[in-house]
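All ligand and atom numbering here is 1-based and tracks the order in the structure.
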Amino acid sequence: MGKFVYSFNEGSKDMRDLLGGKGANLAEMTKIGLPVPFGFTVTTEACTRYYEEGKTIGEDIIEAIFEKLAELEEVSGKKFGDVENPLLVSVRSGAKVSMPGMMDTILNLGLNDVAVEGMANLTGNPRFAYDSYRRFIQMFGDVVMEIPKKKFDAVFDAQKEKNGFKYDVELTTEDLKVIIAGYKELVKAEMGREFPQDPKDQLMEAVKAVFRSWNNDRAILYRKLNEIPDSIGTAVNVQSMVFGNMGETSGTGVAFTRNAATGENALFGEFLVNAQGEDVVAGIRTPQPIKEMADAFPEVYAEFVRIAELLENHYRDMQDMEFTVERGKLYMLQTRNGKRTAPAAVKMAVDMVAEGLIDKETAVSRIEPAQIDQLLHPMFDADELAGAEKLTKGLPASPGAACGQIYFNAADAEAAVANGAKAVLVRLETSPEDLAGMVAAEGILTARGGMTSHAAVVARGMGKCCVSGCSEIKVDEEGKTLTIGEYVFHEGDYISLDGSKGEVLNGQVKTVPPTLSGDFGTIMSWADEIRTLKIRTNADNPRDAKQAVELGAEVLVSAEQSTCSSKKKESQQSEE
Ligand code: ADP
Ligand code: MG
């Protein structure tokens with residue numbers, strides 16, 4: 001029998017196949033002495049076995065998990081389900097290749113009727129403890145038990161309404177207790193059993209749920225789009241919880257070591273005071289720019305800047321980091337090579353060579369073929385743009401130009417595109433369920449969510465134009481209207497998006513072929529130095545041939561170039 005569970009101090013970044021990207025990098029950060037809440041990783045091989053063995057987890061693996069759990073209890077000095085000092089963990093998915101938001105993560109696992117008391121005493125903040133318990137039951141109910149989220153929302157909203165509250169923060173500890181009782185009743189009615197009170201049962205159910213989430217529809221679609229094999233499976237990370245929602249000296253955030261949209265060498269990201277991690281990513285509250293963290297927590301900010309630089313030097317690539325501050329102490333929760341737009345990829349690669357961080361060959365290998373494609377995408381015609389009516393401004397979440405008819409949900413956008421339309425998907429915020437609609441649309445506009453919201457991250461990954469966090473617009477998804485100032489747009493009306501500036505424009509704005517920046521030329525010249533293949537093109541007219549030469553194809557003068565058939569033949573030969 002192999003080893004199926006590794007503590008964070010047993011792994012390294014080179015173990016991605018086994019520990020998944022998240023697990024391998026948590027191990028690496030632990031190894032180089034960064035503040036990472038301790039935990040362990042159940043391997044991708046355990047996931048493969050789970051599927052091979054009829055969706056069950058082998059006894060030996062369960063035993064290994066409980067051994068590591070005991071170690072975690074010892075290291076943290078906390079105990080699962082304890083009334084004095086309860087251990088709470090997150091259970092986090094993480095495949096070899098990053099699939100942001102596609103699989104499930106459960107926070108605050110370990111809370112039960114007893115541990116919640118312990119946590120209330122320990123923190124001196126019963127409201128916080130009961131709110132965490134409430135969130136946990138909701139998340140577990142949704143992810144593990146697959147009870148529709150709406151049913152939990154109904155219980156929650158009913159209690160708010162009963163008191164005439166507008167905001168969640170108005171709910172008292174007593175209200176939260178009523179909500180928890182309501183949630184538990186809901187679980188019993190839906191599942192025919194009580195909400196599991198034994199944290200070990202909670203843990204094993206959650207691990208299974210993460211394994212299961214490998215095969216949810218959105219994860220399958222994401223793998224198909226990104227050509228990720230179905231067979232590799234996900235690892236599961238079990239990690240001590242830290243709390244960003246413990247008041248005004250706590251917070252949570254996401255940051256990139258460089259600007260993921262432009263490539264500029266400056267820390268880029270967002271954070272929220274007094275919030276738990278999912279709040280930033282889910283776009284529920286629009287977060288503050290990371291620079292403002294310097295005012296909120298100056299010392300923590302300085303420490304974070306230091307770690308960000310250290311990580312970028314260590315990985316020799318731009319890092320996408322998740323962190324949480326618990327009562328003035330910084331914890332790193334994730335790092336990975338960050339997704340970036342094509343222009344950013346080119347700029348970073350060229351800059352990093354100049355900085356001596358990477359060599360030219362590495363720089364060239366950092367540009368994906370699909371990104372070259374993106375660089376060749378149309379942009380707005382400057383004159384047209386000057387004359388266009390700017391309606392409002394959101395965040396420049398993913399650059400590019402888009403023009404199309406608006407649709408208010410993924411299915412409508414997909415259907416319109418199938419009928420030959422160009423669509424712009426307009427949502428309050430996107431969630432992984434919207435993926436197919438985002439793929440179909442020319443661009444995406446959201447009312448809520450920051451530069452690291454789901455819409456922004458996924459759009460950048462796809463090279464699709466996106467304007468997010470456009471707070472001045474009113475989106476009525478049910479009624480299918482978009483209101484901007486005095487204008488009301490209906491399904492099928494045209495708008496245009498400038499993803500580089502975050503602008504929303506009235507009507508159809510014409511686009512033109514892109515102009516290529518100096519950095520692009522630099523990368524191409526390095527590619528020329530390195531390559532051994534000759535590049536020729538199959539151009540059907542002089543204009544295409546001219547463009548191909550400008551983009552680096554070699555000139556090939558042939559007497560027979562006047563006929564199509566001979567050109568085709570020639571290019572076929574040159575490919576051999
Ligand atoms: P995803 O793969 O979708 O990014 P993660 O596993 O990274 O999911 O979890 C989502 C968020 O939950 C993280 O960004 C982080 O803010 C929060 N989170 C996860 N584990 C912990 C933890 N141990 N303590 C505090 N917050 C956590
Ligand atoms: Mg994450």
Side-chain angles (χ1 to χ4, degrees), residues 8 19-26 29-30 34-42 72 75-76 78 86-111 119 128 132 135-136 139 142-143 203 206-207 209-210 213-214 216 218-219 222 234-246 250-256 269-285 287 304 319-327 329-339 430-432 435 450 452-454 456-458 461:
F8 287 171
L19 303 179
K22 197 180 288 169
N25 288 334
L26 284 166
M29 287 198 288
T30 304
L34 298 185
V36 176
F38 198 55
F40 57 86
T41 304
V42 186
L72 181 54
V75 170
S76 64
K78 299 177 179 185
L87 171 68
L88 304 188
V89 296
S90 61
V91 178
R92 316 174 64 188
S93 57
K96 174 182 169 184
V97 230
S98 142
M99 297 169 52
M102 293 300 134
M103 290 179 291
D104 294 322
T105 282
I106 298 147
L107 305 179
N108 298 329
L109 188 139
L111 277 174
M119 206 172 150
F128 165 72
S132 302
R135 284 168 186 259
F136 170 56
M139 213 179 225
D142 172 28
V143 173
L203 178 62
V207 171
V210 171
S213 74
W214 176 252
N216 70 33
R218 54 181 207 253
Y222 187 91
T234 182
V236 184
N237 302 288
V238 178
Q239 184 175 34
S240 277
M241 281 299 298
V242 288
F243 297 96
N245 51 344
M246 274 199 168
S250 303
T252 187
V254 177
F256 298 81
E270 293 163 330
F271 88 113
L272 269 174
V273 173
N274 196 11
Q276 219 163 28
E278 359 114 68
D279 300 350
V280 177
V281 189
I284 294 166
R285 281 161 58 188
F304 182 67
Q319 294 298 294
D320 168 359
M321 304 159 294
E322 298 175 355
F323 64 94
T324 280
V325 181
E326 179 184 304
R327 297 203 262 205
K329 176 152 175 39
L330 175 68
Y331 293 94
M332 299 303 294
L333 293 176
Q334 191 170 343
T335 194
R336 62 182 164 217
N337 294 340
K339 288 198 191 301
T430 65
S431 69
L435 196 61
T452 51
S453 64
H454 175 268
V457 171
V458 175

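- Distances between N or O atoms of R92 and those of ligand 1 include at least one value under 3.5 Å.
- Within the protein, the number of N, O or S atoms lying under 2.8 Å from the Mg ion (ligand 2) is 3.
- Between the side chains of T324 and T252, a donor-acceptor pair is found at a separation under 3.5 Å.
- Proximity to S240 (heavy-atom distance under 4.0 Å) selects the following atoms of ligand 1: 22 (C), 23 (N).
- Between L107 and ligand 1, not a single N/O pair is under 3.5 Å apart.
- No side-chain donor-acceptor contact under 3.5 Å links Q319 to the backbone of T335.
- How far CZ of R92 is from CG of L26: 5.5 Å, rounded to the nearest 0.5 Å.
- Looking at V242 against ligand 1, both its backbone and its side chain come within 4.0 Å, counting heavy atoms.
- Counting all heavy atoms, side chain and backbone alike, N237 lies closest to G23 at OD1-CA, 3.2 Å.
- With no hydrogens or angles considered, no side-chain donor-acceptor pair links N25 and Q334 at under 3.5 Å.
- Of the inter-residue distances, the one linking T105 atom OG1 with K22 atom NZ reads 4.5 Å to the nearest 0.5 angstrom.
- In this structure the side chain of Q276 reaches within 4.5 angstrom of the side chain of R135, judged on heavy atoms.
- Counting heavy atoms closer than 4.0 Å to ligand 1, residue M241 contributes atoms from both its backbone and its side chain.
- Every heavy atom of M103 sits 4.0 Å or more from the atoms of ligand 1.
- Checking side-chain atoms of E326 against main-chain N and O of F243 turns up a donor-acceptor pair under 3.5 Å.
- Applying the side chain to side chain contact (heavy atoms under 4.5 Å, CB included) rule to D320 yields the partners V254, F256, R336; only residues at least two apart in sequence or on another chain are considered.
- Neither the backbone nor the side chain of M99 comes within 4.0 Å of ligand 1, counting heavy atoms alone.
- Between S93 and ligand 1, no pair of N/O atoms sits closer than 3.5 Å.
- Of the inter-residue distances, the one linking S90 atom OG with F136 atom CZ reads 11.5 Å to the nearest 0.5 angstrom.
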